[in-house]
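Everything quoted here is computed from the prediction, not taken from an experiment.
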Amino acid sequence: ARLLIRLRRLKAKADSVQPHDRKQLCALLDDIETLRDLLMRECARVDQELNRAKVRVTAITAYGRSAQSVRAMRRGH
C-alpha cells in the first residue's frame with residue numbers, strides 16, 4: 001500500500017514537472033530510481049515468501065501422504 005501511494009505521488013509530481021527544468025527532471029529521475037529500487041526489493045521479498053510457502057505445501061503434502069500410507073497399512077491394505 002505504501003509503495004502504491006508513493007507511485008501515485010510520483011506520477012502527480014511527473015505531471016507537474018516542466019520539460020525544460022533540468023533540476024526538476026533530475027530530481028524526478030532520482031525519485032523514480034529510488035522507487036524502482038524499493039519495488040525491486042519488495043518483489044524479492046514476495047518471491048522469497050512464495051518460495052517458503054511452496055516448501056511448506058510440499059512438506060504438508062508429504063506428511064499427508066505418509067500419514068495416509070500408515071493408515072492404509074494399519075487397515076491391512
For residues 25-41, which side-chain N or O atoms pair as donor and acceptor with protein atoms under 3.5 Å away, sequence neighbours left out?
{"from": "D31", "atom 1": "OD2", "to": "K13", "atom 2": "NZ", "distance (Å)": "2.3"}
{"from": "T34", "atom 1": "OG1", "to": "D30", "atom 2": "O", "distance (Å)": "3.0"}

Could you pull out all donor-acceptor pairs under 3.5 Å where a side-chain atom in residues 53-66 meets a protein atom, sequence neighbours excluded?
{"from": "T58", "atom 1": "OG1", "to": "K54", "atom 2": "O", "distance (Å)": "2.9"}
{"from": "T61", "atom 1": "OG1", "to": "V57", "atom 2": "O", "distance (Å)": "2.8"}

Output a table of donor-acceptor pairs, distance under 3.5 Å, between side-chain atoms of residues 42-50 and any protein atom two or more places apart or on a different chain; print 'none' if there are none.
{"from": "E42", "atom 1": "OE1", "to": "R45", "atom 2": "NE", "distance (Å)": "3.3"}
{"from": "E42", "atom 1": "OE2", "to": "R45", "atom 2": "NE", "distance (Å)": "3.4"}
{"from": "E42", "atom 1": "OE2", "to": "R45", "atom 2": "NH2", "distance (Å)": "2.6"}
{"from": "R45", "atom 1": "NH1", "to": "E49", "atom 2": "OE1", "distance (Å)": "2.8"}

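A distance of 11.5 Å separates CG in L10 from CG in L3, rounded to the nearest 0.5 Å.
Smallest separation of non-hydrogen atoms from Q18 and Q24: N-OE1, 3.0 Å.
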